[in-house]
Amino acid sequence: MKKTELLYEGKAKKIWKTDDPNLLISEFKDSLTAFNGEKKDEQAGKGALNNKISTILFEYLESKGVPTHFVKMIDDNNMLHKAAEVIKIEVIVRNIAAGSLSRNLGLKEGKKLPFTLVEFDYKNDELGDPKLNDQHALILGLVKEQAELDYIRYMARKINRFLSEFYAQAGLKLVDFKLEFGRDANDNIILIDELSPDNFRLWDKDTNEKMDKDRFRQGLGGLLEAYEEVLKRIQNKG
Ligand code: 5GP
């Protein structure tokens, strides 16, 4: 499968068209951004780690019956996947308080939530990804009807259960994460984007050491080493 035309360049990936209109290639970049692009860096090897981690997690979720855009990993930095129309909602799933939830509501970082929280952010860099409720999403026409929002929430909770269990076997706590969904050629809602420590908070189960992009956001250093450790653990889990 050959790249034909650059469709889109984002902060962490380039998306390429291929000679098959139903298939695209994501090229994982080594660049890192945070705070809506205000903080930037480049870490050689980060793109390949995210591609490999995403591949393992997509294959695992597919094996559990979750419909995703994943087709196959092509090489270190490239993944072949189905084309999908992006639903402009960032689906945030939280098990433990951290990040903006702690900042906005004053919940102590590390507090286990009494139930899994699913939130929606509007995927819109110009507006800084504001919080959305269901009515906002419907008014903006981001989905066709309430039932689609209900389905997305249902899938996000299911994916959380699968991934939390998977990471637990690798000695990692799944604190929170962001998912994106899209519509495939048959109008089915499928999981898209990437599944990597760029959009997951992962803590070591014993020490709570941060093994994700917070190492960059908070200037802790050791980002590549942490991503390599995540890859090693999910490859050798159990
Ligand atoms: P928070 O709202 O606490 O900043 O983020 C919650 C979770 O969603 C974190 O795991 C974070 O990595 C992920 N997340 C939220 N918004 C974005 C985003 O715009 N880009 C990426 N890569 N991850 C995000």
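What's counted below: heavy atoms across the whole structure, side chains too, no hydrogens, waters or symmetry copies. In each ligand, atom 1 is the first atom listed, and ligand 1 is the first ligand listed. Sequential numbering from 1 along the given sequence is applied to the chain's residues. Just so it is clear, the structure is predicted and the values come from calculations on it, not from any experiment.
Using a 4.0 Å cut-off to heavy atoms of G99, the atoms of ligand 1 that qualify are 3 (O). Less than 4.0 angstrom separates some heavy atom of D129 from each of these atoms of ligand 1: 19 (O). Atoms of ligand 1 found under 4.0 Å from any heavy atom of D198, numbered from 1 in the order shown, are 12 (O), 21 (C), 22 (N), 23 (N). In summary, the atoms of ligand 1 found under 4.0 Å from a heavy atom of F200, numbered by their order in the structure, are 10 (O).
Ranking protein heavy atoms by distance to atom 23 (N) of ligand 1, first place goes to N199 CB, 3.5 Å. The protein non-hydrogen atom at the shortest distance from atom 16 (N) of ligand 1 is E90 OE1, 3.5 Å. Scanning the protein heavy atoms around atom 15 (C) of ligand 1, the nearest turns out to be I92 CD1, 3.5 Å. Closest protein heavy atom to atom 5 (O) of ligand 1: R201 NH1, 3.6 Å. Regarding atom 14 (N) of ligand 1, its nearest protein heavy-atom neighbour is K178 CB, 3.7 Å.
Salt bridge status for D212 with R201: absent, with no side-chain N to carboxylate O gap under 4.0 Å. The pair K46-D41 does not count as a salt bridge, with every side-chain nitrogen at least 4.0 angstrom from each carboxylate oxygen.
Between R94 atom CZ and L117 atom CG the span is 6.5 Å, to the nearest 0.5 Å.
Looking only at distances, no side-chain donor or acceptor of K82 sits under 3.5 Å from a matching main-chain atom of A185. In this structure, the side chain of D30 engages the main chain of G45 through a donor-acceptor pair within 3.5 Å. A donor-acceptor pair under 3.5 Å is formed between the side chain of N77 and the backbone N or O of F28. In terms of modelled atom types and a separation under 3.5 Å, the side chain of T68 and the main chain of L191 share no donor-acceptor contact. Within the 3.5 Å criterion, the main-chain N or O of G221 finds a donor-acceptor partner in the side chain of R215.
Taking distance alone, with nitrogen or oxygen atoms compared against 3.5 Å, S100 approaches ligand 1 more closely than that limit. Where the criterion is an N or O separation shorter than 3.5 Å, residue side chain and backbone included, D176 meets it with respect to ligand 1.
Ligand 1 has at least one atom lying under 4.0 Å from a heavy atom of R94.
Residue-environment remark: NZ (K11) exceeds the threshold of 12 foreign heavy atoms within 6.0 Å.
One option in E119, R217, K213, K131 has a heavy atom closer to atom 12 (O) of ligand 1 than any other, and that option is R217.
With a 4.0 Å cut-off on non-hydrogen atoms, D121 does not touch ligand 1 at all.
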